[in-house]
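Keep in mind that the numbers below use all heavy atoms, side chains included, and drop hydrogens, waters and symmetry copies. Proteins get letters first, then strands, A, B, ... in listed order; numbering begins at 1 in each. Since we're looking at a predicted model, the values are computed, not measured.
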There are 2 protein chains.
Amino acid sequence: MPVTIRDVARASGVHISTVSRTFSAPHLVNPETRVRVLACAEDLGYRPNRAARALITGRTHNIGLIIADIANPFFPPLIKAAESQARHRDYHVFVADTNEDAAAEEELVHALAKQVDGVLLCSPRMSNSLIEQLSREVPLVVVNRQLAGLPCVLMDVGQGARSAIEHLAGLGHREIALLGGPRGSWTSRELRRAAGAAARAAGAELTVLGPNPPTETGGLAQAEQVRRAGVTAVLAYNDLMAIGLLEGLDALGVRVPQEVSVVGVDDISLSRLTRPKLTTVATPTAAAGRTAVDMLLQQDTDFPRTARGGGATVAVGVRRTTAQVMLQTELVIRDSTGPGPYAGRERPGTAAVGPGPHRRADPGNPVVAAGDVVAS
Amino acid sequence: MPVTIRDVARASGVHISTVSRTFSAPHLVNPETRVRVLACAEDLGYRPNRAARALITGRTHNIGLIIADIANPFFPPLIKAAESQARHRDYHVFVADTNEDAAAEEELVHALAKQVDGVLLCSPRMSNSLIEQLSREVPLVVVNRQLAGLPCVLMDVGQGARSAIEHLAGLGHREIALLGGPRGSWTSRELRRAAGAAARAAGAELTVLGPNPPTETGGLAQAEQVRRAGVTAVLAYNDLMAIGLLEGLDALGVRVPQEVSVVGVDDISLSRLTRPKLTTVATPTAAAGRTAVDMLLQQDTDFPRTARGGGATVAVGVRRTTAQVMLQTELVIRDSTGPGPYAGRERPGTAAVGPGPHRRADPGNPVVAAGDVVAS
DNA sequence: TACTTCAATGCAAAGGTTTGCAGGTAGATC
DNA sequence: GATCTACCTGCAAACCTTTGCATTGAAGTA
């Protein structure tokens with residue numbers, strides 16, 4: 001029932017190879033023939049069967065998107081941007097959800113490998129060595145995790161954490177808690193590292209609470225701990241946890257920001273809707289999705305998977321680009337942070353605060369400039 | 001480089017057809033042979049090439065998910081549930097975003113048709129006749145829209161609107177506004193119809209404002225109109241608009257619920273996080289995703305697309321199931337609705353309020369019983 | 001006129017899999 | 001011991017497309 005290249009060939013009185021060329025190498029066919037074939041194809045509603053094409057060209061024109069949790073509001077903007085970018089380049093996108101499960105990630109890469117030209121691994125939870133191994137099966141681009149030798153799209157959460165800590169220290173906070181993210185998260189480690197260093201530099205003490213599930217519940221569950229820890233400010237792994245914490249503190253009767261200041265990470269759309277509005281480190285999620293797709297497709301055109309020559313399939317070397325892109329983050333100051341107990345006093349150790357973060361106009365959708373290539 | 005059925009055949013010393021049968025018809029192959037083949041396949045890491053398989057069986061084991069706007073928080077839970085359900089049944093899922101654009105919807109169905117066994121059309125914006133036409137090209141299941149002769153998964157927003165209006169009328173509101181959704185939305189029409197009838201029955205007056213884009217901005221932009229309309233309660237097309245309205249009213253200094261009550265639709269996770277917490281009509285989004293996938297796959301097994309018989313491809317009749325499922329909604333009363341100007345007074349026309357909606361324990365994720373089949 | 005050149009088209013193999021049919025072997029039955 | 005019956009396996013065609021090579025014919029050159 002579906003119309004094939006053969007139907008078009010019959011209708012336009014040419015061989016199927018001519019029809020094929022009309023689409024994939026138009027300059028090789030006589031203009032008159034071309035218009036005739038095109039007309040017939042249009043008439044019959046012919047669309048090349050991409051699967052059949054993939055069988056011989058080795059390129060499916062599909063990519064895979066593996067996501068830890070679609071329902072986590074951090075991801076939809078990334079998915080949307082990636083899908084849009086891919087489709088502009090005539091690629092279709094498989095989306096799969098792993099429920100934050102490393103085993104599911106591996107299984108999905110295997111399952112998708114034959115059907116795609118590459119896979120975007122978003123905030124993967126599996127081990128570095130496994131990712132490396134899988135990258136030999138199918139081209140991979142990793143988002144939100146740094147791996148030597150693999151193309152990565154990163155957000156500079158380290159810088160973000162520094163800004164956040166400096167902001168808090170500048171407000172007079174000295175006892176700060178970090179709500180860690182899930183085990184296996186690169187972002188969480190990075191945050192911890194940078195926040196720890198920044199706290200030391202600012203003469204503040206950092207207490208790490210976690211690991212925690214990266215959800216509202218995860219944040220809510222730590223409210224009690226936060227109060228008990230006696231800190232006056234908290235940096236959370238992400239906005240969702242920060243929002244959960246806001247709820248938890250509210251339930252405990254702890255006022256934000258009067259008693260405790262809270263900072264999130266991501267700047268998801270909800271963070272403007274809480275009361276108080278959340279101070280947070282904005283990450284360029286959409287840009288990350290676009291960039292990752294670009295890198296994957298670039299890689300794909302640089303090193304095609306197979307090339308046919310006279311019937312013999314020639315396997316091409318497995319060299320790969322390994323560019324790593326770091327996208328900038330930005331501290332967005334809203335209403336969940338306020339003066340701490342040391343407000344106004346001279347900070348011990350350091351002299352001045354340096355160029356602090358600016359208060360942002362808060363246009364909702366941060367437009368982020370193209371990222372800086374930090375390695376290649 | 002990728003390992004094929006031929007490699008496995010060579011390694012295990014059998015013909016490729018035996019390998020094929022080991023996977024797709026195990027009962028036809030000798031148990032000893034089977035284990036040997038399986039072992040070799042495991043060893044080599046063989047995975048059948050689904051595209052090649054699809055070429056001959058006519059079933060791709062993929063489905064398509066066409067979404068108006070992935071970033072709209074209504075959809076991610078639906079996508080997540082659909083993807084999970086599909087993968088349980090060994091299907092992979094293409095996800096595509098149309099940006100609320102009808103033309104993009106059509107193009108996507110065409111583009112995906114050859115690569116999937118069916119498409120889920122979520123809240124489509126195109127015309128009924130076009131949908132019907134497309135359904136002849138590829139099996140379709142429509143979510144959030146009712147079409148005669150096509151399988152649909154609906155949420156009973158009519159009932160939801162009724163509950164909401166009755167709730168508001170019961171609180172003493174007589175001047176109510178409805179913030180309409182986007183043009184072409186079945187849900188919006190349904191809401192308007194049911195809300196209008198319920199308002200009439202309750203002796204209240206309903207003012208329709210719209211159509212509007214189904215976003216926070218869409219709601220925010222109507223705040224001024226709402227105030228000017230002099231209503232004391234508003235039912236919004238969805239939570240996003242309701243939240244935007246909340247913001248807008250706050251900016252205008254209008255207190256909710258003291259001066260104006262607001263009700264949303266969907267019960268997205270944000271609606272528990274606004275201040276005041278949003279009263280809303282909960283729609284069983286995840287259940288809709290699961291159900292829609294089930295219907296699509298059911299349809300697919302009932303009426304396979306092609307069947308081979310000795311080399312001749314036999315086109316099978318195009319009969320289809322047209323079951324329509326209506327899922328129940330539930331009014332969740334939170335803090336954005338309060339007494340209106342007629343509170344306590346006898347309602348004109350009607351005698352009593354009937355069994356009003358109950359205050360819900362608010363467990364976050366409404367578990368909804370299997371839907372009622374209303375037609376087949 | 002004879003030869004080369006080039007553009008346009010056809011031919012056929014290949015890609016990985018499924019599946020109807022036919023062949024082969026072994027056990028059971030009489 | 002011959003015949004029948006299962007069971008298992010191999011053969012080859014088919015799915016739809018791409019592409020290197022061969023073929024054709026016309027235009028250009030000497």
Side-chain angles (χ1 to χ4, degrees), chain A residues 1-10 12-37 41 44 46-61 113-115 304-315, chain B residues 1-10 12-37 41 44-61 113-115 117 304-315:
Chain A
M1 206 62 196
V3 31
T4 78
I5 202 174
R6 226 169 292 272
D7 300 318
V8 180
R10 197 173 316 120
S12 47
V14 297
H15 193 261
I16 58 164
S17 54
T18 303
V19 178
S20 173
R21 275 187 278 257
T22 304
F23 288 98
S24 46
H27 59 282
L28 289 182
V29 9
N30 186 310
E32 291 177 33
T33 319
R34 199 191 309 160
V35 300
R36 188 155 37 94
V37 170
L44 279 64
Y46 169 73
R47 302 258 174 165
N49 182 326
R50 289 169 157 234
R53 176 183 287 179
L55 208 51
I56 188 164
T57 62
R59 339 220 20 263
T60 62
H61 265 244
K114 288 267 186 37
Q115 259 181 126
R305 303 179 80 179
T306 60
R308 273 186 80 246
T313 298
V314 180
Chain B
M1 208 60 199
V3 32
T4 78
I5 202 175
R6 229 168 289 271
D7 301 317
V8 180
R10 198 173 315 118
S12 48
V14 297
H15 193 262
I16 59 163
S17 55
T18 302
V19 178
S20 173
R21 275 187 278 256
T22 303
F23 288 98
S24 47
H27 59 282
L28 289 182
V29 8
N30 186 309
E32 291 177 34
T33 319
R34 198 193 307 161
V35 300
R36 188 155 38 94
V37 171
L44 279 64
Y46 168 73
R47 301 258 175 166
N49 182 325
R50 289 169 157 232
R53 177 182 285 179
L55 209 49
I56 187 164
T57 62
R59 338 216 26 259
T60 62
H61 266 245
K114 288 268 186 36
Q115 256 181 129
D117 295 338
R305 303 177 81 179
T306 59
R308 270 187 81 246
T313 298
V314 179

Heavy-atom side-chain proximity of B:Gln115 to B:Thr60 below 4.5 angstrom: no
Distance from A:Arg34 atom CZ to A:His27 atom NE2, nearest 0.5 Å? 9.5 Å
Taking A:Arg53 for its side chain and A:Pro48 for its backbone only, find out whether a donor-acceptor pair lies under 3.5 Å. no
Base, sugar-phosphate, or nothing: which does B:Arg50 touch, judged by heavy atoms less than 4.0 Å apart? nothing
side-chain contact (heavy atoms from CB on, under 4.5 Å) assessment of B:Val14 paired with B:Thr33: CA-CA 8 Å; B:Val14 297; B:Thr33 319; 3.9 Å; yes
Could you tell me whether a side-chain N or O of A:Thr22 sits under 3.5 Å from a main-chain N or O of A:Thr18, the two making a donor and an acceptor? yes
Can you check the B:Ile56 CD1 to C:dT17 C1' distance for me, whole Å? 6 Å
What distance separates B:Asp117 CG from B:Arg59 CZ, expressed to the nearest 0.5 Å? 5.5 Å
Let me know, please, whether B:His15 or B:Ala51 comes out on the 5' side of the other along DNA chain C by nearest nucleotide. B:Ala51
Please report, rounded to the nearest Å, how far the C1' atom of C:dG16 is from the CD atom of A:Gln115. 13 Å
Where along residues 17-29 of chain B does a heavy atom fall under 4.0 Å from DNA chain D? B:Ser17, B:Thr18, B:Arg21, B:Leu28, B:Val29
Which comes earlier along DNA chain D counting from the 5' end, the contact point of B:Arg34 or that of A:Pro48, where each point is its nearest nucleotide? B:Arg34
Let's see if you can work this out: which of C:dA8, D:dC8, D:dC15 has an atom nearest to the side-chain heavy atoms of B:Asn30? D:dC8
Let me know the distance between CG of A:Leu55 and C1' of D:dA14, rounded to the nearest Å. 13 Å
Please report the distance, rounded to the nearest Å, between CG in B:Asn49 and C1' in C:dG16. 6 Å
From the set C:dT18, C:dT17, C:dG16, return the single nucleotide nearest to any side-chain atom of B:Tyr46. C:dT17
d(CD1, A:Ile16; C1', C:dA8) in whole Å: 17 Å
Between C1' of C:dT18 and CZ of B:Arg6, the distance in whole Å: 12 Å
What closest approach, in Å, do B:Lys114 and A:Val3 show between heavy atoms, and which atom pair accounts for it? NZ-O, 3.6 Å
Could you state the CD-C1' distance from A:Glu32 to C:dA7, rounded to the nearest angstrom? 13 Å
To the nearest Å, give me how far apart NZ (B:Lys114) and C1' (D:dC16) are. 9 Å
